[in-house]
Chemist: 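To start, I am sharing the structure in question, which I have written as structure tokens.
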Number of protein chains: 2
Amino acid sequence: MRKLSLEESKHYIEHYPISQYFSFDITPFIQVYEFDKGEYIFHEHSFPDYLYYMIEGKAKLYVTHKNGKISLIDFITSPTFMGEMELLNAERYSKGIQTVTTSICFAISIREVKEKLLADPVFLKMLCLFLSQKTMNATAKYTQNQAYPLENRLASFILLSSDQQFYKEKHTEVCEYLGVSYRHLLFVLAHFCEEEYLTKKDRGYVLTNRQALEKLASEITY
Amino acid sequence: MRKLSLEESKHYIEHYPISQYFSFDITPFIQVYEFDKGEYIFHEHSFPDYLYYMIEGKAKLYVTHKNGKISLIDFITSPTFMGEMELLNAERYSKGIQTVTTSICFAISIREVKEKLLADPVFLKMLCLFLSQKTMNATAKYTQNQAYPLENRLASFILLSSDQQFYKEKHTEVCEYLGVSYRHLLFVLAHFCEEEYLTKKDRGYVLTNRQALEKLASEITY
DNA sequence: ACAATAATGTGAGATATCTCATATTTTCTA
DNA sequence: TAGAAAATATGAGATATCTCACATTATTGT
């Protein structure tokens, strides 16, 4: 984690305006941080001092269970807020957030502006919207995890995340996201190759039968 | 669904004050409805006209998947708001809500007060808290569903929902809540009986080895 | 540039959970 | 109060998914 210079900070603050989310001038309370790839923004069970607004980068929100399993709750992609639940005191301690790529974040000191934020209708309305959006996505993902085998969900995921006809995501991330073991993900991928829906190439997979994947994915969407 | 008389409504409005959630007088906008057991408060894919505040009763929030499976997202217990995401326009159409018991709700016409509510910091702050609380519960439930076999989750559920040493919930509801098939729930219950953690009696189960259940449940909590 | 670490890949065996079929009992409703 | 609907109960067989072990191949830090 590196605090950016005034110069650099100014650049980001100008290029990623967030004034629309507040009814007062938030810029005096903003510091800009850069997190390295793989760095933790929140450690699990810590109590955050900052509300973050990620403007560049990608991170994982996860929770570690007593038995050692890790549930990836969500991929966090910019732009987005982080630590808003903790700001609300809705949870005593935080979940973990670890960056996947180098990330740039605005950091807003909770101590300094908590009172102001929690009385600001502009901010609160945005936060309500943001929270319900997040909840809906999470709900959709989790209920689908429960209702459909990996075959369908993976087909859907491949279609969403492939670039043109090429799929190239890290298995280690995908299996966590889809809530299955690494082993099982590989099984189903192998099965897709057998059926020639996919063909291995270089470090990824070419979509050789998009229609078949669409059929599998279509069983989910409602 | 039955609209209560002025007389009855007055009684409920006095006994379940909600003025604390608003910075203006909400009572002129409140109508009181009674929903029968099993009745739908929101049909799936409908677009709600009212924001509800349930003061008595219990309901199920669910979603029906294309393949016919039903995911119970949450048990809704009073007091709670319903339809708040729709008020925010966060979702185009609603999930389904069906009462489990006869329920009494305050109904607030969205058309009449939407503008006022979305500019009311008192209401918005409460709503933020409410939404994040809900999200956290849902997240905890779903990640645990993924990370632990039914054995552990059921033990935990039995301890939470049993009255004294007696467990008596409807299997049909529990299996939906825990996200497993009816058949599998019965298997694990039978297994608990074999191990003599539980003993069947009347229409329910006596907890004959609470400690064993606690051990199983303790593997979850973090 | 090399050692350490992370990611990929595969096999074998176990198990958690599902589907479907069917029977009985309880509860609701007309 | 009888018939319908819902809830309980159990068996048999299938399958989706997991664990563990181990080998190979990238990627990364120093």
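Numbered from 1 within each chain, the chains take letters A, B, ... in sequence-line order. As the structure is a prediction and not an experimental result, all values here were calculated from the model. When reading the values below, keep in mind they use all heavy atoms of this one structure, side chains included, and skip hydrogens, waters and symmetry mates.
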Chemist: Can you label the angle between the B/Tyr205 ring and the B/Tyr167 ring as parallel, tilted or perpendicular, going by 30° and 60°?
Modeler: tilted
Chemist: Can you name the nearest heavy-atom pair linking B/Ser94 to B/His43, along with the distance?
Modeler: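 Looks like OG-O, 3.0 Å.
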Chemist: How large an angle, rounded to 10°, do the end axes of the helix from C/dA1-D/dT30 to C/dA30-D/dT1 enclose when each is built from five base pairs?
Modeler: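 The value is 70°.
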Chemist: Side-chain contact test, heavy atoms from C-beta onward, threshold under 4.5 Å: evaluate it for B/Val206 versus B/Leu198 and give yes or no.
Modeler: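 Not touching, per the 4.5 Å side-chain cut-off.
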Chemist: Check each of B/Glu7, B/Glu8, B/Lys3 against B/Ser5 using the side chain to side chain donor-acceptor pair (under 3.5 Å) test, and report the only one that passes.
Modeler: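 With B/Ser5 as partner, side chain to side chain donor-acceptor pair (under 3.5 Å) holds for just one option, B/Glu8.
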Chemist: Please report, rounded to the nearest Å, how far the C1' atom of C/dA16 is from the CG atom of B/Asn152.
Modeler: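 Rounded to whole Å, this separation is 12 Å.
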Chemist: Has A/Glu112 got a side-chain atom pairing as donor or acceptor with A/Ser109's backbone, closer than 3.5 angstrom?
Modeler: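 A pair under 3.5 Å: no.
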Chemist: Please report the distance, rounded to the nearest Å, between CG in A/Leu189 and P in D/dT17.
Modeler: 13 Å
Chemist: What integer distance in Å separates B/His184:NE2 from D/dT15:C1'?
Modeler: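 From B/His184 NE2 to D/dT15 C1': 14 Å.
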Chemist: What is the minimum heavy-atom distance between A/Leu72 and A/Glu173, and which atoms define it?
Modeler: CD2-O, 4.2 Å
Chemist: Parallel, tilted or perpendicular: which one describes the rings of A/Tyr197 and A/Phe192, with boundaries at 30° and 60°?
Modeler: tilted
Chemist: Indicate for each nucleotide in nucleotides 4-12 of chain D, in 5' to 3' sequence, whether protein heavy atoms under 4.0 Å reach the base (B), only the sugar-phosphate (S), or nothing (-).
Modeler: ---SBBBB-
Chemist: Rounding to an integer number of Å, can you tell me how far B/Glu39 CD sits from C/dC28 P?
Modeler: 16 Å
Chemist: Side-chain N or O of A/Lys69 versus OP1/OP2 of D/dT19: is the shortest distance under 4.0 Å?
Modeler: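 A/Lys69 to D/dT19 OP1/OP2: side-chain N or O found under 4.0 Å.
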Chemist: Does the gap between the ring centers of A/Phe75 and A/Tyr177 come in under 6.0 Å?
Modeler: yes
